[in-house]
Structures are given as C-alpha cells and as structure tokens.
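All chains are named by letter (A, B, ...) in the order of the sequence lines, taking the proteins before the strands, and each is independently numbered beginning at 1. It should be emphasised that the depicted structure is a prediction, and the values quoted were computed from it without experimental measurement.
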Amino acid sequence: MADIPIKSPARQPDIHSIKPVDVFHPSWWIGGALVLGLAVLFIRLLVTNENLQWSVVWQYLFSPEILAGLGRTLMLTFLSMIQGLIIGTVIAVMRLSRNPVFQATSWAWIWFFRGVPPLVQLVFWYNLGLLIPEMSISIPFGPTLWSASTNSLITPLSAALLGLAFTESAYAAEMIRAGIQAINLGQTEAAATLGMTQAQTLRRIVLPQALRIIVPPIGNDTISMLKFTSLVSVLALPDLLYSAQMIYSRTYQTIPLLIVATIWYLVLSTILTLAEHYIEHRLKDGPPLELQLILKSLFKSKFWGLRRGKAMP
Amino acid sequence: MMPLLNVERLSKDFGTHQVLKSIDLTVAAGDVTCIVGPSGSGKSTLLRCLNYLEVPTSGAVYLEGEPVGLRFKGDKLYRMSFNELSLQRQKMGMVFQGFHLFPHKTALENIIEAPMIVKRKSRAQATEEAYALLDKVGLADRADYYPRQLSGGQQQRVAIARSLAMQPTLMLFDEPTSALDPELVGEVLAVMRQLAEEGMTMVVVTHEMSFARDVADHLVFMDGGIIVEAGHPKDVLSNPQHSRTRSFLARVL
C-alpha cells in the first residue's frame, strides 16, 4: 500500500462539484445507426415503390364497402368477446367449485377449445348441419315444442360467433380463475363474518378485485380477437379483410387493398390499446389521465429504461 | 341465566393432527374472555370454530341457546347451508390479525357495505351510522381514505367499526394487534377497552397480557388443544395452578 503515490489534491478538481462522464457504449451507437439505415430503406420502399399505388389506397380507404366490412369486424370482435367473457366467467366459477362434475366439465371445455384452432372450429360449426341435420326443443319423451333445420340456424355469422366466442371463453376462463384465486382468502372470510352470502361475496368483494387483475389480459385478448376475426373470410362473411378481397378479385389491385385493410386493423388496435390503458388506469383509482402519459407508456420498454440508468417503476 | 355462548366438547382435527380436544367453555353476556397460550395451542382454531369459519370435527357451539351451523328438524340433525349460516354469523363480529379490509373500498364504504347489502339499509342511514362508528374509533376524518392510505392501527380500527356496523351480540378478536408495529398497538387496545366498558361481549385471542389482566373478566390458558386453566385473570396470572401455565407466564410476563 505504501508504494502507491499519493497524488497532489491540487491537480484534481473537487469530486463533489463536477458531474462524472457517462460510460460510452460504441455498440449502442453502431447498432442504432444500422437499424436507422434499415428504417430509411424501408420508408424509401414505401414512398417510391409504384406497386403500392397510394392513390388507390386513398380511393378505397373510406369506400362504403370497406367501411361496412370494418363495421362487421368491430361487431364480431365485441359480440364474440362479450359472449366469450360470459361463458368464461361461468366456466371459471365451475372450475373453482367443489363439485367434481363441474370441475371435470370445465377442465374438458378449456382443454378442447384451447386445443382446437379457431379456423378449424369456424369450418366445423359452419358444417354442423352435416352432423346434426335438425335441432328441436321438446319435452323428454313428450311432444316437440319447436324445431328447425340446422342449416337455417347456422349462418356464416352464427358459425363465426360460436367459433370465436368458444375459443375466447377457454382463455377468459383461465384468466378469470387466476384473477379470483389471486384474491386473499381473508377477503371471503371477512365477508362471511359480516353475514354476506356466497353470491354477495363473489359479486361485491371478489369479482371487483379480480377485475383489476384481469383487465390487462382481457384488453390483450380483445386486440387478438380483432385480428382473429379476419379468419371469418373463409366463411365468405364480408368482414374488413373479405371486403378488401372481394374488391381486389374484381380490380386486381391486390397490394393497395391489403394496405387499406392493414391501415384499418392498425387504427382499430391502436384505439383498443388506448381504451385498455384508460380503463386499467381508472380501475387503479389513479389521478386523472393525461394523453401524453398514455402515449409515452405505449412505447415504454424496459430496454430503454434500463439503458438510461433509471430505476424501473 | 342462559350463557350467551356455550361450547360443548368441541374437537377439531386437521387430518391426523388433533388441534382441539373436547373443549368446554361458557361466555356470559357482557363478559370479556381472553384466550392466551403458546402458538399452536389451538386458540385461533377455537375462535374460528365459534363462527364456523372452521367446521368442528365434533361437539357443538350454542349461541343464545341455538346450535351454530346445525339445525334440528324432528329428531334429525342437519348441517346449515352457507346462506343459513350467514344469519348466525351476523351476530358474531370478527376482527382478524391481518385486518382484511376490502382494498377497493374506502373506510366508509367498507363499513356501509354489509349493512346495505345484507341488512338492506338505505345508503343514507348506513352512512349516518358509519360516521358515528368512525367517530367512536377516532377516524371520522379518514372516511374517504382507502385502506392502503391508512396505517395498520387505523386499518384495524376501521375493521372493528366495520364489524360493529352489523350490531353483533358478540365480538371475536383473533390476535388483533399481532400484525401491528409496537407504537400502534395502544390505539387499537384503547378502542377495545372502550367497547368492553360499554358492555360488549368479547372473546379475544391475544398475546397482550396487560390487556388481559386489566380488561378480561375471564382468562383462559390453552396449550396442546386443551384448556389447561381458566378463571379470573388476577387468580390465573398471580397464582397459576399448573406447571405449563407457570412456564408460559414466565416467558411472556
């Protein structure tokens, strides 16, 4: 220790009065420059490639046919989400029940509808008439009250709703179950000692708390559902994608019309993301939202946060 | 006079482990009963059997002469459904070690919830009564705070007010101060003392020996799932008859 020369303090500035220089990361700058270069190339492609035919894109972006398709896509998304969540809640409660029949049924439901691709289901439901030609409601061993042929009941729309809602119900059930199980047992005990019934406890105490946990994944699922609805084009249901396909099958302007569909899907998913952030924030009883904050949080990533040396929130 | 609460040969097993071994206990109306004992002695399980949060393996609990959780029909004995049981549980308020306030509701909303939902009182009436209770526990100015904005002692006082809002005939306390920082214990014990002075019947599982000595009418010492010794706190604390009581008191006093 004694050989280390003691530097004269006069040659060094005061450590408390100057800021240290940050560590320089060459890879940070080189990587950034590479990616920026690629981005510039991509933007040039968008601007200069004439096959994109931007004028055709603008021409069809607000055409009645496309807007009608957009409306159907939105309707399908929300109807199948609502149905999926209702069925999913029932399945989740059955899964948590002590009744072994309920447990097994809900397990099998989730196993089946999470395991079969939605596209297979859509085609299957559409062809249900081949399996069960006629549906009827009757008193067992008694007279028939109502009956109809399955083909008249299963339209492209009802087949699409069945397939999408059932798939969603399996995922929703697992999210809701996890949300309910995350609630401390003490909450139900406290409610029980106050004389609340099981239904009152579920409705007033458990579900409102579980909702906060399951809103973010439900928001995610809604955005996924928006994209899954494009599968219904196989049933010739004129949603956003199928409307675009019908136009380009007449005009052969394939790329511009796919761009039209892409733009609308991006617009819708952005709106849904904003809505999800808003609802999530409201459930947290936080301060009023500022648009800037939401926009910032949309593009917030751990990568950048850590690079800048900030502590994660 | 019929005791308010009567426990007869109550036993509870968890698998092969026998936690309570044929407990007998009576609580007269207006009395404060403190249950003390080492951890694992079964005192919390006993308290939780009183309102059937735990279902006893055998034996019975009578509240005002009626068996809790069980019902005679003719000469057959039936278990009560959860919803039938909830009518009896309303009469037994319970305060937990971990408070268990509803985190998505303010202090006021926590208190008016059960009176509105269970007793179907109007919001105006429930709110008026809730403010009186908040005043009683010294938290009238915290009505609109969420539980996470309150200290442990304040949360526990709101929890006591929440139980009182159902106008119970009996209050059960399960180690109400064990989760609190030492400097917050006093404010909760003060509320409990005040309740005792007003004549509330209370069964308190606690480690606070000074509270037991000053407030209890009846002190119960439990160890190994049985009541080893019971009596007036002055007698039990100053002149314990059993060696197990003596060694426990030597450790905690």
For the atom pair CG (B:Leu10) and SG (B:Cys49), what is the distance rounded to the nearest 0.5 Å?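 Spacing of CG (B:Leu10) from SG (B:Cys49) equals 5.0 Å.
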Checking [X] against chain A: side chain, backbone, both or neither under 4.5 Å from a heavy atom?
| X | value |
| --- | --- |
| B:Arg162 | both |
| B:Phe96 | side chain |
| B:Met92 | backbone |
| B:Lys119 | neither |

When you check the side-chain N and O atoms of A:Gln187 and A:Gln209, is any donor under 3.5 Å from an acceptor?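 Result is yes, a qualifying pair exists.
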Would the distance check show the side chain of B:Gln156 and the main-chain N or O of B:Pro176 forming a donor-acceptor pair, the cut-off being under 3.5 Å?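 Yes.
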If you count heavy-atom pairs within less than 4.5 Å of chain A, which of B:Met166, B:Glu113, B:Lys91 leads?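 The option with the most such pairs is B:Glu113.
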What residue in B:Asn51, B:Leu172, B:Ile117, B:Val95 has the most heavy-atom pairs under 4.5 Å with chain A?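 Result: the option with the highest number of such pairs is B:Ile117.
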Find out whether the Lys NZ or Arg CZ of B:Arg157 is both under 6.0 angstrom from the six-membered ring centre of B:Phe99 and within 45° of the ring's axis.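 Negative - B:Arg157 is either too far from the ring of B:Phe99 or too far off its axis.
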Donor-acceptor list for residues 89-102 of chain A side chains, cut-off 3.5 Å, not counting sequence neighbours:
unit_1: A:Thr89; atom_1: OG1; unit_2: A:Leu85; atom_2: O; d: 2.7
unit_1: A:Ser97; atom_1: OG; unit_2: A:Asn99; atom_2: N; d: 2.8
unit_1: A:Asn99; atom_1: OD1; unit_2: A:Val101; atom_2: N; d: 2.9

Taking side chain as everything from C-beta outward and backbone as N, CA, C, O, which of these in A:Gln200 sits under 4.5 Å from a heavy atom of chain B? Side chain, backbone, both or neither.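 Only the side chain of A:Gln200 comes within 4.5 Å of chain B.
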Under the side chain to side chain donor-acceptor pair (under 3.5 Å) rule, collect the residues that match up with A:Trp109, sequence neighbours excluded.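 Once residues adjacent in sequence are excluded, the partners of A:Trp109 under the side chain to side chain donor-acceptor pair (under 3.5 Å) criterion are A:Ser169.
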